Student: 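To start, I am sharing the structure in question, which I have written as structure tokens.
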Amino acid sequence: MDKSKFYLEIKHICKQTGARYGILHTPHGDVEVPMFMPVGTLATVKALSPEEVKQCGAGVILANTYHLSLRPGADVVKAAGGVQKFMNYNGPMLTDSGGFQVFSLADNRKITEEGVTFKNHLNGAKCFYSPESVIELEEKIGADIIMSFDECPPWPVTHHYMEESVERTLRWAKRGKEAQTRDDQALFGIVQGGEFKDLRKHCAEELVKMDFDGYSIGGTSIGEPKDVMFEMVSYSVPYLPEDKPRYLMGVGSIDYILEGIAMGVDMFDCVLPTRIARHGALMTSKGRVNIRDAKYEYDFSPLDEECDCYTCKNYTKAYLRHLYKCDETLGKRLLSIHNIRFLIHMMEEARTAIKEDRFGDFKDEFIKKYGDKRGF
RNA sequence: GGAGGAGUAGCGAAGUGGCCAAACGCGGCUGACUGUAAAUCAGUUCCUUCGGGUUCGAUGGUUCAAAUCCACCCUCCUCCA
């Protein structure tokens, strides 16, 4: 990677927590960290236009290599001029490698040293992904940040299994890095190792030796208890270089994100805000709101009085409930806008708190205010 | 006035002697969701002190046993006049 096109500029480290504030420079623009990145697996954040995602304050949007390779095909995306042009998003993007699908589609795949063979979820056809072929696909898709192909193992597995998996993931990371040909895409390595301290350390250290452009923490938020998840992060971050971005993959609940920031993580992504929005669950400053609840039938107040999103500025709970009940597309859109804006706004406040060396207080107050009613 | 048809849980609709507190759908309510096979999935929906109690338009009857058979009444629909 050309270091002038992609680099992290750390501007401030919170004296209270060690949380980092900085600017991530990418070929498609600069973004502030810590940040939350909405997920647009199929080159679309479900229910939203790219303009709407941008208006929520989003910087980076994710897409998925496995899914885009099956539909429409990486060649189509390449012919369009890259994923940003294809979906008309004028901002930085990131592609996940398909490593998560090794976990989520575990019933229909086989792992070998060479790679992973999926019976794909669309028509059952066999398709093979190797660390090299995934990089080739990601180069065609053309995101600013690309992920190494890893195995995201389930939780729990034995130390023995995890050790073998980590070693394989490390070999895959090396192979992928060697296969990279473009110099305008940042390639991240992914730290695995489950809740095993020695394996996390080993994995992180070996990846750092390979000199990636950034480092992800993977294998979290897949059903493990909260304290285990925090351990996974705390066993990984200390071995990562300070001048490279740190990305906690798949984390999107409020407390997880805030704790992650306190531990020195810069980037987060998650389907949670958009998925639960489509299912009628909203994150608000007063905690979770289930818009389907009958108590909102005659409630003509905004979803969240403190929120500055398009939805909260223009629509009432009663109307949003009505749209949800009728399964109207606009409901999914307006609710998704709110949840994404809510998280991104939280990140904006978090960055301010870091700059003012009070992130620890901010985190504790936010979680307290958000409530433990039913945290996400 | 005549002929035919129908009344089942919030709504729609199966069931036409015992396996029926009654399929299924909708509506209602409750959960779940974390690098998206997710516009998905799961539970619940007569009352209950969980022992049981009271239901299938009403009443009466036949039967060991009735939402289901008989009588009568009420209501609604369609067609004919």
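The chains referred to below are lettered A, B, ... by the order of the sequence lines, with proteins before strands, and numbering in each begins at 1. Remember, predicted model here, so these are calculated numbers, not experimental data.
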Student: Ignoring backbone atoms, test whether A:Asn64 places a side-chain nitrogen or oxygen under 4.0 Å from the OP1 or OP2 oxygen of B:U36.
Tutor: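 So the side-chain polar atoms of A:Asn64 do come within 4.0 Å of the phosphate oxygens OP1 or OP2 of B:U36, strictly under.
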Student: Hey, is A:His279 stacking on B:U40? Ring centres under 5.5 Å, planes under 30°.
Tutor: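 Yes; centroid distance and tilt both under limits.
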Student: Please confirm whether the ring centroid of A:Phe118 lies under 6.0 Å from the ring centroid of A:Tyr66.
Tutor: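 Centroid distance A:Phe118-A:Tyr66: below 6.0 Å, so yes.
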Student: Restricting both atoms to N or O, compile the protein contacts to nucleotides 43-47 of chain B shorter than 3.5 Å, with distance only.
Tutor:
none

Student: Both A:Cys270 and A:Thr329 contact RNA chain B. Taking the nearest nucleotide for each, which residue is further toward the 5' end?
Tutor: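 The answer here is A:Cys270.
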Student: Under the side chain to side chain donor-acceptor pair (under 3.5 Å) definition, can you give me all pairs with a residue in residues 216-237 of chain A, not counting sequence neighbours?
Tutor: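 Residue pairs with at least one partner in residues 216-237 of chain A: A:Lys226-A:Asp255.
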Student: Is there a side-chain contact between A:Ser104 and the phosphate of B:A37, meaning an N or O under 4.0 Å from OP1 or OP2?
Tutor: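 Yes, within the criterion.
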Student: Using the closest heavy atom to pick a nucleotide of RNA chain B for each, name whichever of A:His67 or A:Gly250 lands nearer the 5' end.
Tutor: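 It is A:Gly250 whose nearest nucleotide is closer to the 5' end.
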Student: When you measure from the side chain of A:Arg288, which nucleotide among B:G31, B:C29, B:C33 comes out closest?
Tutor: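 Nucleotide nearest to A:Arg288's side chain: B:C33.
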Student: Could you tell me whether A:Glu297 and A:Lys325 make a salt bridge, using a distance below 4.0 angstrom between a side-chain N and a carboxylate O?
Tutor: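 No, this pair does not count.
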Student: With a 6.0 Å cut-off on ring centres, are A:Tyr310 and A:Tyr315 close enough?
Tutor: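 Aromatic pair counts; centres sit under 6.0 Å.
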Student: Indicate whether OP1 or OP2 belonging to B:A32 is found under 4.0 Å from a side-chain N or O atom of A:Arg278.
Tutor: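 For A:Arg278, the contact criterion (side-chain N or O under 4.0 Å from OP1 or OP2 of B:A32) is not met.
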Student: Can you tell which of B:A37, B:G35, B:C29 lies closest to the side chain of A:Gln101?
Tutor: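 Comparing B:A37, B:G35, B:C29 against the side chain of A:Gln101, the answer is B:A37.
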Student: Please work out if A:Arg109 contacts a base, only the sugar-phosphate, or nothing of the nucleic acid, heavy-atom cut-off 4.0 Å.
Tutor: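 No contact.
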Student: For A:Leu105, which contact category applies under a 4.0 Å heavy-atom criterion: base, sugar-phosphate, or nothing?
Tutor: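 The residue A:Leu105 makes base contact.
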Student: Test of understanding: clusters of I, L, V, M, F, W, Y form through side-chain heavy atoms closer than 4.5 Å, transitively. Do A:Ile261 and A:Leu272 belong to the same one?
Tutor: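 Yes, A:Ile261 and A:Leu272 fall within the same hydrophobic cluster.
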Student: Considering every strand and a 4.0 Å limit on heavy-atom distances, what is the contact class for A:Ala47: base, sugar-phosphate, or nothing?
Tutor: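 The residue A:Ala47 makes no contact with any strand.
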Student: Does A:Asp266 come within less than 4.0 Å of A:Arg20, counting only side-chain N to carboxylate O?
Tutor: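 Answer for the salt bridge query: yes.
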Student: Is the glycosidic torsion of B:G51 within 90° of 0, making it syn, or is it anti?
Tutor: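 Base orientation relative to the sugar is syn.
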Student: Which is it for A:Thr112 and A:Thr117 under the side chain to side chain contact (heavy atoms under 4.5 Å, CB included) test, yes or no, and what are the steps along the way?
Tutor: CA-CA 8 Å; A:Thr112 63; A:Thr117 303; 5.8 Å; no
